[in-house]
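Here is the structure we will look at, set down as structure tokens.
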2 protein chains.
Amino acid sequence: MTVRPVAQALRDAGLRPTRQRLSVLQSLRDRPDAVTAQDLHAELRGAGASIGLTTVYRTLTALADAGLLDVFTRDSEQAFRRCGTVHHHHLVCETCNKVEELSAAEVEDWVHHAADRHGFEVTGHRADIFGICSECR
Amino acid sequence: MTVRPVAQALRDAGLRPTRQRLSVLQSLRDRPDAVTAQDLHAELRGAGASIGLTTVYRTLTALADAGLLDVFTRDSEQAFRRCGTVHHHHLVCETCNKVEELSAAEVEDWVHHAADRHGFEVTGHRADIFGICSECR
DNA sequence: GCGCCAGTTGATAATGATTGTCAAGAGCAT
DNA sequence: ATGCTCTTGACAATCATTATCAACTGGCGC
């Protein structure tokens, strides 16, 4: 009952539901924090899974392109996290990397007004908040 | 009359105003777009300046730490741009990399309200808009 | 003016995340 | 089952960035 929807999500993204992709998506599914390709690879290997580093990179990138994952830049590497498909912003804990999704009409309004004032045609925007969550304090 | 204030800015940041640092800060001063260390190094060399790549990296990082430059992540490398010292947001042209600074009380309000609602202690935030400027359209 | 020395520089090597390669392996429609 | 295309993964290659370390220099005290 948990494998089915994951496999479907992959199909919807035009990706074959292979054993490796399922294990990546599966471990991302129940995780509140963002993780790097390197770390996820080590974790999966540690848990006994057989998957190559290259595949982890490819899978994460493909899932992000399909809009199933958000990408963050942490230090000089990128971290991924499962995310909803509608537009949203983030509240990130700098200690445990937990990420909460936020929606915000206020931000959207600001984006368009500010861009209009400067004669820009909006192609995208990003608004994230960083902090320490209640558990980490 | 343009060298003096630049040198002073360096002193204020606790950095000796050396020939190399002056040339970096100087070329950043009259530039509306964000530039990477690699590109800036090539440019300075091309203009006849004598400066090492390592020094360009160190100088840009030091100036960013001192709050004189903003850092952007473009593809997988970081680009720098001179900036004001008060908190602000950005409007970035994805074609020519021109950057305009914005201030926005709306965003600050949203940040604190959203963080409070989730029990986070705010340590920082970032809100940038991407688009195409009027000249590039 | 001069020497001193902590702060700087820069050629080069090292690092480390990410991507390219390509032969072997695995879904899935027929 | 068979074939064909999509995937995989060990390994090599990239490439931005950082570490090294000996040579250099700004500027303060004399």
Side-chain angles (χ1 to χ4, degrees), chain A residues 3-4 6-27 34-66 68-69 71-80 97, chain B residues 3-4 6-27 34-66 68-69 71-80 97:
Chain A
V3 165
R4 182 57 46 71
V6 171
Q8 195 52 50
L10 284 171
R11 281 183 206 287
D12 291 346
L15 301 170
R16 285 185 187 168
T18 65
R19 178 172 48 75
Q20 292 89 338
R21 285 174 179 162
L22 287 171
S23 72
V24 166
L25 200 43
Q26 195 64 237
S27 68
V35 69
T36 66
Q38 303 276 352
D39 288 348
L40 182 55
H41 177 243
E43 249 184 63
L44 290 172
R45 279 293 182 88
S50 160
I51 184 170
L53 178 57
T54 307
T55 300
V56 174
Y57 270 104
R58 268 191 302 235
T59 301
L60 289 174
T61 303
L63 293 175
D65 285 348
L68 296 175
L69 301 182
V71 190
F72 298 84
T73 298
R74 208 156 67 204
D75 301 315
S76 51
E77 53 195 314
Q78 37 191 4
F80 299 80
N97 292 312
Chain B
V3 165
R4 183 57 47 71
V6 171
Q8 194 53 49
L10 283 171
R11 282 183 207 288
D12 291 346
L15 300 170
R16 283 187 188 165
T18 64
R19 177 173 48 74
Q20 293 88 338
R21 285 175 179 162
L22 288 170
S23 71
V24 166
L25 200 44
Q26 195 65 236
S27 68
V35 69
T36 65
Q38 302 276 352
D39 289 348
L40 181 56
H41 177 243
E43 250 184 64
L44 290 173
R45 279 294 182 87
S50 160
I51 186 170
L53 177 58
T54 307
T55 299
V56 174
Y57 269 103
R58 268 192 301 238
T59 302
L60 289 175
T61 303
L63 293 175
D65 286 347
L68 296 174
L69 301 182
V71 190
F72 298 84
T73 297
R74 209 156 66 205
D75 300 315
S76 52
E77 52 196 314
Q78 35 191 6
F80 299 79
N97 291 311

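Small disclaimer: the values here were computed from a predicted structure and weren't measured. When reading the values below, keep in mind they use all heavy atoms of this one structure, side chains included, and skip hydrogens, waters and symmetry mates. All chains are named by letter (A, B, ...) in the order of the sequence lines, taking the proteins before the strands, and each is independently numbered beginning at 1.
- Taking both residues in full, the closest heavy atoms of B:Ser23 and B:Leu44 are given as O-CD2, 4.1 Å, listed atom of the first, atom of the second, then distance.
- The interatomic distance linking B:Leu22 (CG) with C:dT8 (C1') rounds to 13 Å, in whole Å.
- For the side-chain contact (heavy atoms from CB on, under 4.5 Å) test with A:Tyr57, the passing option among A:Gln78, A:Gln38, A:His41 is A:Gln38; the others fail.
- Residue contacts shown for A:Gln78 are limited to sugar-phosphate atoms, with no base heavy atom under 4.0 Å away.
- Shortest non-hydrogen contact noted between A:Arg74 and A:Ala79 is NH1-CB, 3.7 Å.
- Scanning all heavy atoms of the two residues, the minimum distance from A:Leu40 to A:Ser27 falls at CD1-OG, 3.4 Å.
- Of all heavy-atom pairs spanning B:Asp39 and B:Val35, the tightest one is CB-CG2, 3.8 Å.
- Counting non-hydrogen atoms under 4.0 angstrom, B:Arg74 reaches nothing in the nucleic acid.
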Spell out protein contact along nucleotides 7-14 of chain D as letters: B when the base is contacted, S when just the sugar-phosphate is, - when no protein heavy atom is under 4.0 Å; keep the 5' to 3' order. SBBBB---
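- Residue A:Tyr57 places at least one side-chain N or O under 4.0 Å from the OP1 or OP2 atom of C:dT18.
- Counting heavy atoms from C-beta on, the side chains of B:Arg21 and B:Leu15 come closer than 4.5 Å.
- Distance, B:Asp75 CG to D:dT17 P: 11 Å, rounded to whole Å.
- In terms of position along DNA chain D, the nucleotide closest to B:Thr36 lies nearer the 5' end than the nucleotide closest to the other residue of the pair B:Arg11 and B:Thr36.
- Atom pair A:Asp65:CG and C:dT19:P shows a separation of 10 Å (rounding to whole Å applied).
- One can place CG of B:Leu10 at 16 Å from P of C:dG7, the figure rounded to the nearest angstrom.
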